[in-house]
Amino acid sequence: MKVLKFGGSSLGTPERIRGVKEIIKGQSLPCIVVVSAFEGVTDSLLRIAELASRGNSDYKAELDKLIDIHRNFAKALLSDPDDLNNASDHIEVISNELGEIFRGFFLLRESTKHALDQVLAVGERISSLIISLFLDDSILKDSRELIKTEGKPGNSVVDFKATNQLIKAAFEKTNKLTVLPGFIASNHNGDTTTLGRGGSDYTAAIVAAALKAEVLEIWKDVDGFMTADPRKVEKAYTIENLSYSEAMELSHFGAKVIYTPTLRPVFRENIPVLVKNTFNPEGKGTLINNK
Ligand code: ASP
């Protein structure tokens, strides 16, 4: 069993998602695929929430634009009319849900952390649905039924005991290609929660650790951990191997490659992490393990 995680930049256009499909097709082990929201969507949701809670009615047009982007992704990727109808119905339901929450923000001139979690979760809810319909023979599971959090909204932590049990039970009897939305979880009351910005990496690590996966692959838009930021330093090159503690230290001090809490669960289970580039799948990437 292998867990692959694709971030927003790997899912920025329908064309890129076709590339992701090829990467998945090339795998020999059964795979769980964790996906982020499409590129820029979480930022847009935050911006729209801000507009609404400042009483700016432009939020409606911005929301329509964001929903249209998702409709267009669905149209571009789903050739089967049943799949397209399925996606369109879900997008419609989610769009109405969002419309109501944003109207609440607009009327009250404020947003709550709890409601914001519900808003931000929408990006991954829609992207995972469209991608699972697009991938052949795959099933979709809702991470909110697998990952349980405790604590206050906006500041919640994973309840690993409950989460590990739920994940093991969900995958006990299936080897089917499964798509999971990253970033989203729920508390013990069943309310939607999130794992922090960039949290889809963490989702993938939690799942990989619970299932003792052979490897966790994190697919990004860079060749792995590099000696410097390649946008600033021309001669930056990829570091092929890092220990968990080196990678954790680098993340902690600002290397933007992996969301900081990600490595803890996989380190505990000694699961190797391979950071790869969707735009350069042949590249070696960075392998993080106990060596
Ligand atoms: N979509 C979320 C974010 O942009 C989570 C993620 O992409 O990892 O922060």
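Note that ligands are numbered from 1 as they come in the structure, with each ligand's atoms numbered from 1 the same way. Please read these numbers as outputs of a predicted model, since none were measured by experiment.
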- Message: Is it the case that over 12 heavy atoms from other parts of the model lie below 6.0 angstrom from the CZ atom of Arg231?
- Response: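 No - once you tally the heavy atoms of other residues, nucleotides and ligands closer than 6.0 Å, there are 12 at most.
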- Can you see which heavy atom on Ser9 is nearest to which on Phe279, and at what distance?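 That would be O-CZ, 3.5 Å.
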- So, for Val257 and Asp201, which heavy atoms are closest and what is the spacing to 0.1 Å?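 The pair with the smallest heavy-atom distance is O-OD2, 4.0 Å.
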- Heavy atom of Gly8 under 4.0 Å from ligand 1?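 Per 4.0 Å heavy-atom rule, Gly8 does not contact ligand 1.
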- Query: Would Gly182 count as a contact of ligand 1 if the rule is a heavy atom under 4.0 Å away?
  - Reply: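 For ligand 1, residue contact (heavy atoms, under 4.0 Å) with Gly182 is absent.
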- Measure the shortest side-chain to side-chain distance between Asp137 and Leu177 over non-hydrogen atoms and say whether it is less than 4.5 angstrom.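 Heavy-atom side-chain distance check fails, nothing below 4.5 Å.
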- Message: Contact between Ser128 and Glu124 at the side-chain level, heavy atoms closer than 4.5 Å - yes or no?
- Response: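 Heavy-atom side-chain distance check fails, nothing below 4.5 Å.
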To the nearest 0.1 Å, how far is [atom] from its closest protein heavy atom, and which atom is that?
| atom | value |
| --- | --- |
| atom 4 (O) of ligand 1 | Arg197 NH2, 3.0 Å |
| atom 7 (O) of ligand 1 | Ser36 OG, 2.9 Å |
| atom 5 (C) of ligand 1 | Glu124 OE2, 3.4 Å |

- Message: Please list, in number order, the atoms of ligand 1 under 4.0 Å from a heavy atom of Ser200.
- Response: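 Near Ser200, meaning under 4.0 Å from one of its heavy atoms, ligand 1 has 5 (C), 6 (C), 7 (O), 8 (O).
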- Ligand-residue contact atoms, ligand 1 with Thr42, heavy atoms, under 4.0 Å: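 In order of number, 1 (N), 2 (C), 3 (C), 4 (O).
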- Any chance you could lay out the salt bridge (Lys or Arg N to Asp or Glu O under 4.0 Å) test for Glu110 and Arg54, step after step, and finish with the verdict? CA-CA 7 Å; Glu110 69 171 359; Arg54 273 196 266 117; over 6 Å; no
